[in-house]
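Only this structure's heavy atoms are used, side chains among them; waters, hydrogens and symmetry mates stay out. All of these numbers come straight from a predicted model, not from anything done at the bench.
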Amino acid sequence: MTAGERQRLKRGLAFISPWLIGFLAFSLYPLIASFAFSLTDYSVLAKPVWIGADNYSLMLEDAVFWKAVTNTLIFAALAIPMSLIMAFLLALLLNAGVPGTGLFRTLFFLPSLVPLVCLGLLWRWLLNGQVGLVNQGLQPILDAVNAVLGTGLQAPNWLVDPAYAKLGLVLAGVWGCGHAMVIFLAGLQDVPRQLYEAADIDGAGFWRKTWHITLPMVSPVIYFNGIMGLIGAFQVFAVPFVMTAGGDGPGRSLLFLATYIYQNAFEYWNMGYACAMGLVLFLLILGLTLLATRLLEKHVHYAGR
Amino acid sequence: MSARPGIISCLGFLLLVGCGGPSPSNHDGRTVIQYWEKWSGFEAQAMAELVDRFNREQNAIHVEFLSVSQIDRKLMLATAGGNPPDVCGMWANELPALAENGALTPLDGLMAQTGLDPDRYLDAVLRNMTYRGRTWGLPTTPAASALHINSRLAREAGLDPDHPPETIAELEAWNERLTRRDDDGRLAVLGHIPTEPGWWRDSFPLAFGASFWNPADGMTLQTPAMREAFAWIASYPERFGAEALRGWSDLGGQFASPQNPFFQGRVALVMQGPWMHNFIAKFASPDFEYTVAPFPAAEDSGLPFLTLVGLDVLVIPRGAKHTRAAFTFMRWVNEQQQLEALNRAHFKFSPLRETSEDYYPAHPNPHIALFAGLAAHPEAQVEARLPSYRAFRNDMNQAVDQVLFGDISIDEALAMVQRRQARRFDRNRDRWEQVGPTRTATWDRVEQAVLKQP
C-alpha cells in the first residue's frame with residue numbers, strides 16, 4: 001500500500017467513523033455482551049452469576065418459549081403473504097391510471113402513518129366481539145349465510161378467543177401495508193413501457209402481462225418487501241402488547257418472541273434468559289433471511305444483470 | 001478547510017447532552033432529595049400536599065416530588081445506571097425481587113436508631129414490609145380486599161345484601177340467583193366471575209386453604225387444595241358456557257370509568273379494595289347502592305374469609321445519594337398524623353395498630369372499619385413473597401383464564417405453573433446459595449455505613 005493509498009484509507013475511515021462507532025457501540029458490542037450475559041443468571045441490578053448453557057437448556061424445555069416461537073412463525077406465515085398481496089394489489093390498481101390516483105394513494109398510505117400504539121388501541125375496539133365494527137359488518141353476512149344454509153355461524157370474539165386472536169392481529173397488520181404499497185408502486189412505475197407495448201402487439205391480456213412482465217420486473221421489490229416483512233413480523237411487539245394490555249392474549253395466543261423477551265428482561269428480572277432468547281431470535285431471522293435469499297435467487301430478476 | 005470548528009461543535013453538543021443529570025443537591029442550603037412516586041391523580045395530589053407540608057415545616061431537607069409511570073422499570077434502569085432517586089414509592093409485592101437483587105437499602109438499623117418500632121404496624125403490613133428477616137420499605141397506604149355487593153341486584157334476585165354469602169358454596173348459590181341472560185342467551189348480568197376485576201386471580205386458591213410454596217418443598221402448586229380451587233374456576237364454563245363467558249368478558253369496561261362492569265350492573269359481586277368507594281362516587285350513577293362484606297372462603301379451608309392485604313411502601317434504592325435525609329422524610333411520613341391524613345385522602349385505613357380517636361368516625365369511606373378489621377385479623381393473607389412473584393402471578397393468571405374459558409384441563413394448568421415456577425424457584429435458591437453470604441454481608445456493610453452518616 002502506497003503512502004497515498006494509506007492516506008486515502010485513513011480519510012475514508014474518518015468519513016465513515018460516525019457509522020463505524022455507532023455500529024461498534026450500538027450493534028456489535030450489545031451482540032457480544034448479550035451472548036456473554038446469555039451464559040449467566042443476570043437481573044441487571046445484581047452482578048451476573050455464571051450458569052453456563054443453563055439458559056439454553058431452559059429454553060428447550062420452556063413450553064411458553066416454544067408457544068411464543070410457534071405464535072411468531074404462524075403470525076409471520078399469515079401476515080407476510082397477506083400484507084404483500086394486499087400491498088401489491090393496491091399498487092396494481094393505483095398503477096392502472098384511473099382518475100384520482102393521487103387521492104387514493106394518499107388514502108391507502110394514511111393508515112400506515114398511524115402510530116403503533118394508536119393502531120393497537122383502535123383495533124382493540126374494531127375487533128371487539130360484541131360492539132366492534134368488524135363484527136357489526138360481518139354478522140349480517142353470516143346471518144344471511146345461516147338463513148340460506150341453515151348453519152349457526154357467529155362472528156368470533158376476536159381478541160378473547162385463542163382460535164381467532166392471531167387472525168385479528170393479521171387484519172390489523174394489513175391495515176398498515178401502505179409502506180410496502182408505495183414501494184411496489186415505485187417498482188411498477190419503473191417497468192419500461194415498451195415491454196407492455198410489445199406484449200400488446202403480441203395480443204397479451206392483463207393477466208399475461210402481469211405474470212410475464214410485471215412480476216419478473218418488480219421481483220427485486222417483492223423480495224425487498226418480503227424480507228422487510230419477515231423482519232417486521234418476527235419483531236412484532238407494540239400492537240399485540242397494546243391490544244392485549246400486557247402482551248399475552250387469550251391462552252397466550254398473542255405472546256410473540258419479542259414480547260416474551262421483553263417480559264423476561266424487564267418484568268421478571270431474567271435478563272440473562274432474555275439475552276439468550278434475543279440471540280435465538282437474531283439467528284432465526286438471519287437463517288430465514290438467508291433461506292429466502294437462496295430460494296428466491298433464481299426468481300429475482302435484476303435489470304442490470 | 002480545517003475540521004477543528006466542526007469537531008469542537010460536536011464535542012460541545014455531546015458535553016451539553018451528557019451533562020443532563022439530577023438537580024442540584026442543594027436548595028437554599030437544604031439537602032434536596034428526589035422522590036419518585038407511582039401514583040397519579042388524587043393519590044399523587046395527596047402525597048404532594050404532604051411533601052409541601054414537610055418542606056414547609058423544617059429547613060434541612062427539600063423533597064422534590066415526581067409522579068412517575070411504570071416506576072418499577074424506571075427504578076430498575078436508574079438503579080442499574082447508578083442514578084436512582086433518594087426515595088421511591090413501590091408496591092410491597094416487588095420488595096422480594098428488589099431486595100434479593102441488592103437494589104434496596106435495608107432499613108432496620110435506621111428504624112432502631114430513630115426509635116421506629118416495627119410493632120406499631122399491623123402484622124399483615126409488617127409482613128409486606130419485610131423479606132429475609134429485614135425491613136425494606138416503610139408503609140404509606142395499605143389495602144385489604146373484600147366482597148363488594150350491588151345491593152339493588154341482590155334485592156331484585158330475592159337476596160338480602162345485609163346477609164352476604166359466607167362460604168364459596170354460598171357465593172356460588174348467590175351467583176346462580178343473580179345471573180341473568182338476555183333474549184339471545186347472552187349473559188346480561190353475571191353474579192360473580194373470578195376475572196372481574198382479575199387483579200387477584202393468583203391468590204384465589206388461598207380461599208381454599210392452599211399455600212403456594214414452602215422452604216422445604218419449593219413450589220407446591222399441585223396439592224388437593226389447589227385442585228379444589230381450580231375445580232371451582234372450572235365450574236364456570238360448565239355452568240355458564242365458555243363462549244358466553246368470552247362474550248361477556250369481551251365487553252370489558254375500564255376500571256376507572258363509568259363502563260366498569262360493576263358500576264354498569266353487569267356483575268353483581270366483585271372482590272375490591274377500600275379505594276372502590278371513591279370510584280363509585282366518581283363513576284357510578286348517583287343511585288348506585290352497594291355494600292361490603294368479607295370475601296368468602298371455602299368451608300373446609302379453615303379460614304373465616306379471604307382477605308389479601310397489599311401495601312404501598314417507600315424505599316431507598318441502592319446508590320441513593322442522600323440516604324439519611326431520605327429516611328428522615330420517610331420517618332416523618334410514618335408519623336401517625338401524616339399516615340392518617342394520607343390514608344384518609346386515599347380512602348384507606350391506617351397501617352398502624354393504633355389510630356387517633358376521630359380517624360374512623362371522620363373517615364370518608366363508610367366501610368373503612370370493616371377493611372381495617374379484615375387487615376388486622378390474624379388470618380389476613382399477603383401475596384406470595386417470592387422474588388419471582390411477577391412471573392408466578394402471570395403464570396397463575398394464564399392458568400386461571402385458560403381453565404375459566406375451558407381451554408385446558410385443571411391438571412394441565414397446574415402442571416404448567418408447577419413446572420415453570422419450580423424451575424424458577426430452584427434457580428433463585430441456587431443463586432442465593434451462591435451469592436447469599438456476600439449479599440448479606442453487603443447489606444450489613446451498607447446499614448453500618450448509613451448509620452455512621454451525619
Exercise. Minimum heavy-atom separation for B:R439 to A:A46, with atom names?
Worked result: NH2-CB, 3.5 Å
For this session: Name the option with the most non-hydrogen atom pairs under 4.5 Å to chain B; the candidates are A:V44, A:V160, A:N264.
Result: A:V160
For this session: Measure B:S388 against the heavy atoms of chain A and call it side chain, backbone, both or neither at under 4.5 Å.
Result: neither
Exercise. Which pair of non-hydrogen atoms, one from A:S43 and one from B:R431, has the smallest distance, and what is that distance?
Worked result: CB-NH1, 4.2 Å
Problem set entry | Heavy-atom proximity to chain B below 4.5 Å, by part of A:Q263 | side chain
Exercise. Can you name the closest pair of heavy atoms from A:W269 and B:A97 and give their distance?
Worked result: NE1-CB, 3.6 Å
For this session: Dump the intermediate steps for side chain to side chain contact (heavy atoms under 4.5 Å, CB included) on B:Q434 and A:D41, then the final yes or no.
Result: CA-CA 11 Å; B:Q434 228 176 319; A:D41 182 5; over 6 Å; no
Exercise. How long is the gap from CH2 on A:W158 to CZ on B:R246, to the nearest 0.5 Å?
Worked result: 14.0 Å
Seminar exercise, completed: On a heavy-atom basis, the closest approach of A:Y260 and B:R420 is OH-NH1, 3.0 Å
For this session: Please determine, among B:R424, B:Q398, B:Q402, the option with the most heavy-atom pairs under 4.5 Å with chain A.
Result: B:Q398
Problem set entry | Electrostatic pair B:R427:A:D54 at N-O distance under 4.0 angstrom | yes
Exercise. Chain A heavy atoms under 4.5 Å from B:L77: which part of the residue, side chain, backbone, both or neither?
Worked result: side chain
For this session: Return yes if some donor-acceptor pair links the side-chain N/O of B:D250 with the main-chain N/O of A:G129 below 3.5 Å, else return no.
Result: yes
Problem set entry | Atom group of B:N397 that falls short of 4.5 Å from chain A, counting heavy atoms | neither
Problem set entry | Under 4.5 Å from any heavy atom of chain A - which part of B:E100 | neither
Problem set entry | Heavy-atom pair with the smallest gap, counting every atom of B:R419 and A:A63 | NH2-CB, 4.3 Å
Seminar exercise, completed: Heaviest contributor of heavy-atom pairs below 4.5 Å to chain A, chosen from B:D401, B:N394, B:L251, is B:N394
Exercise. Which of the residues A:N270, A:I51, A:D248, A:L159 is involved in the greatest number of heavy-atom pairs with chain B at under 4.5 angstrom?
Worked result: A:D248
Exercise. Within the side chain of B:R186, is there an N or O that forms a donor-acceptor pair under 3.5 Å with the backbone of A:Q130?
Worked result: no
Exercise. Is A:R252 paired with B:D395 through a side-chain N to carboxylate O contact shorter than 4.0 Å?
Worked result: yes
For this session: For the residue pair A:K47 and B:V435, establish whether any side-chain heavy-atom pair is separated by less than 4.5 Å.
Result: no
Exercise. Does CD in B:E433 sit with more than 12 non-hydrogen atoms of other residues, nucleotides or ligands closer than 6.0 Å?
Worked result: yes
Seminar exercise, completed: So, the part of B:D430 with a heavy atom under 4.5 Å from chain A: the answer is neither
For this session: Kindly check if the number of other-residue, nucleotide or ligand heavy atoms within 6.0 Å of CZ (B:F425) is above 12?
Result: yes
For this session: Between chain B and each of A:D62, A:V49, A:N128, count heavy-atom pairs under 4.5 Å; write down the option with the most.
Result: A:N128
Exercise. Looking at B:R423 and A:E61, does any basic side-chain N land under 4.0 Å from a carboxylate oxygen?
Worked result: yes
For this session: Give, for atom CG of A:N157 and atom CZ of B:F405, the distance between the pair rounded to the nearest 0.5 Å.
Result: 9.0 Å
Exercise. With a 4.5 angstrom heavy-atom cut-off, which part of A:A245 approaches chain B: side chain, backbone, both or neither?
Worked result: neither
Exercise. What's the shortest heavy-atom distance between A:P162 and B:D407, and which atoms?
Worked result: CG-OD2, 3.5 Å
